[in-house]
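Structure first, then comments.
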Amino acid sequence: MWGLMIFSYLCIAISIVLLALTGLQGYLQFHLIQANHPAFALFTAIFYMFTETLVMFYFIGSGTAIKKSIKMGGGDPALYEKVKKTKMILFPHLTMNMIFIGIVFILGGAVQTGSVAGWIHGLLFDLAFIHFLYVTILQHRGFKENVEIIGEIAIVEETATDNSPA
């Protein structure tokens with residue numbers, strides 16, 4: 001589980017860099033790795049969606065593992081309520097941002113065909129990127145809370161093991 005969390009952090013950092021580069025590329029019209037803005041935006045959108053899906057599944061999987069540990073007597077049931085609260089705060093924003101970034105990507109195609117003004121696409125990108133930075137803060141808080149909960153469960157399980165008859 002720790003490896004998945006570390007990998008998620010790495011992917012989030014890469015997503016921030018890719019989204020920032022894609023935005024700059026859209027405003028300044030330069031090529032990256034011989035890719036124009038639409039091609040690089042496609043790569044960025046795919047990587048971003050992978051990252052956010054990975055983060056969602058991390059929280060779903062860790063929540064299930066925490067719930068299972070608590071049912072087996074490894075902690076206070078109130079701990080799982082913390083997990084649910086974290087997901088209730090994070091998931092709506094995460095899902096909304098995934099939709100937001102997807103809309104920005106699709107509108108990029110509309111800009112290419114002349115159906116939508118470029119400034120609308122640019123403004124929506126800016127808003128989506130700022131919201132993504134906020135979602136990143138929420139994800140970090142969620143990771144921290146999960147680690148604390150897992151730590152509490154580990155202490156309870158360790159105490160139970162130490163007190164068992166030999």
Side-chain angles (χ1 to χ4, degrees), residues 1-68 80-151:
M1 189 177 314
W2 302 113
L4 185 58
M5 185 175 67
I6 291 167
F7 185 64
S8 295
Y9 269 116
L10 179 64
C11 288
I12 291 167
I14 292 169
S15 290
I16 291 171
V17 171
L18 289 174
L19 284 168
L21 286 172
T22 301
L24 287 172
Q25 189 184 34
Y27 286 119
L28 304 176
Q29 295 300 313
F30 59 90
H31 282 66
L32 282 168
I33 317 167
Q34 298 182 355
N36 61 4
H37 177 62
F40 195 75
L42 174 63
F43 171 72
T44 298
I46 291 169
F47 189 85
Y48 163 83
M49 293 297 176
F50 165 76
T51 298
E52 297 310 304
T53 303
L54 177 72
V55 170
M56 282 182 123
F57 279 106
Y58 168 82
F59 282 104
I60 292 167
S62 66
T64 302
I66 289 169
K67 185 177 182 180
K68 190 181 292 184
Y80 186 66
E81 293 302 316
K82 285 184 182 180
V83 171
K84 289 189 337 190
K85 182 182 173 196
T86 298
K87 287 196 273 190
M88 287 174 57
I89 292 169
L90 177 61
F91 279 24
H93 284 285
L94 203 152
T95 304
M96 185 171 68
N97 193 254
M98 290 175 75
I99 292 168
F100 210 8
I101 294 288
I103 288 170
V104 169
F105 177 74
I106 291 167
L107 284 180
V111 169
Q112 292 294 315
T113 62
S115 302
V116 173
W119 68 269
I120 294 172
H121 173 65
L123 177 63
L124 287 176
F125 170 81
D126 292 342
L127 294 173
F129 186 71
I130 290 167
H131 186 255
F132 175 59
L133 295 177
Y134 174 68
V135 169
T136 301
I137 291 167
L138 292 178
Q139 289 170 341
H140 174 67
R141 288 179 186 160
F143 283 131
K144 277 178 49 178
E145 289 173 10
N146 257 21
V147 167
E148 290 169 4
I149 291 167
I150 292 168

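- Taking Phe143 as the reference, Tyr9, Tyr58, Phe59 meet the ring pair (Phe, Tyr, Trp, His ring centres under 6.0 Å) condition, with sequence neighbours excluded.
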- [ ] Please assess Met56 against Thr95 for the test side-chain contact (heavy atoms from CB on, under 4.5 Å), listing each intermediate value before the final yes or no.
- [x] CA-CA 9 Å; Met56 282 182 123; Thr95 304; 3.3 Å; yes
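- When side chains are defined from C-beta on, Leu54 counts as touching Leu4, because their heavy atoms get closer than 4.5 Å.
- Between the side chain of Asn97 and the main chain of Ala128, a donor-acceptor pair closer than 3.5 Å is present.
- Scanning for ring pair (Phe, Tyr, Trp, His ring centres under 6.0 Å) contacts around Phe132 gives Tyr48, with sequence neighbours left out.
- In this structure the side chain of Leu19 reaches within 4.5 angstrom of the side chain of Ile101, judged on heavy atoms.
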Open item on the list: Is there a side-chain contact (heavy atoms from CB on, under 4.5 Å) between His131 and Leu127? Walk through the geometry before answering.
Closed with: CA-CA 6 Å; His131 186 255; Leu127 294 173; over 6 Å; no
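- Residue pairs that meet the side chain to side chain donor-acceptor pair (under 3.5 Å) test with at least one member in residues 100-116, sequence neighbours left out, are Thr113-Ser115.
- Thr53 is listed as a side-chain neighbour of Met98, based on a closest heavy-atom distance under 4.5 Å.
- Among residue pairs with one or both ends in residues 127-149, none qualify as salt bridge (Lys or Arg N to Asp or Glu O under 4.0 Å); sequence neighbours excluded.
- Within a 6.0 Å sphere centred on CZ of Phe7, other residues, nucleotides and ligands contribute 12 heavy atoms or fewer.
- Counting heavy atoms from C-beta on, the side chains of Ile66 and Asn146 come closer than 4.5 Å.
- Shown here are the side chain to side chain donor-acceptor pair (under 3.5 Å) partners of Ser15, two or more places apart in sequence or in another chain: Thr51.
- A 6.0 Å sphere centred on CZ of Phe30 holds more than 12 heavy atoms belonging to other residues, nucleotides or ligands.
- Applying the salt bridge (Lys or Arg N to Asp or Glu O under 4.0 Å) test to every pair with at least one member in residues 80-107, sequence neighbours left out, gives these pairs: Glu81-Lys84, Lys82-Glu152.
- For His31 and His37, the ring centers are positioned 6.0 Å apart or more.
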Open item on the list: Would Leu21 and Thr44 count as a side-chain contact (heavy atoms from CB on, under 4.5 Å) here? Give the steps.
Closed with: CA-CA 9 Å; Leu21 286 172; Thr44 298; over 6 Å; no
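- Ring geometry for Phe125 versus Phe129: interplanar angle under 30°, hence parallel rather than tilted (30 to 60°).
- The CD1 atom of Ile12 sits 4.0 Å away from atom CD of Gln139, with the distance rounded to the nearest 0.5 Å.
- Counted within 6.0 Å of CD on Gln29, heavy atoms from surrounding residues, nucleotides or ligands total more than 12; the atom is thus considered enclosed.
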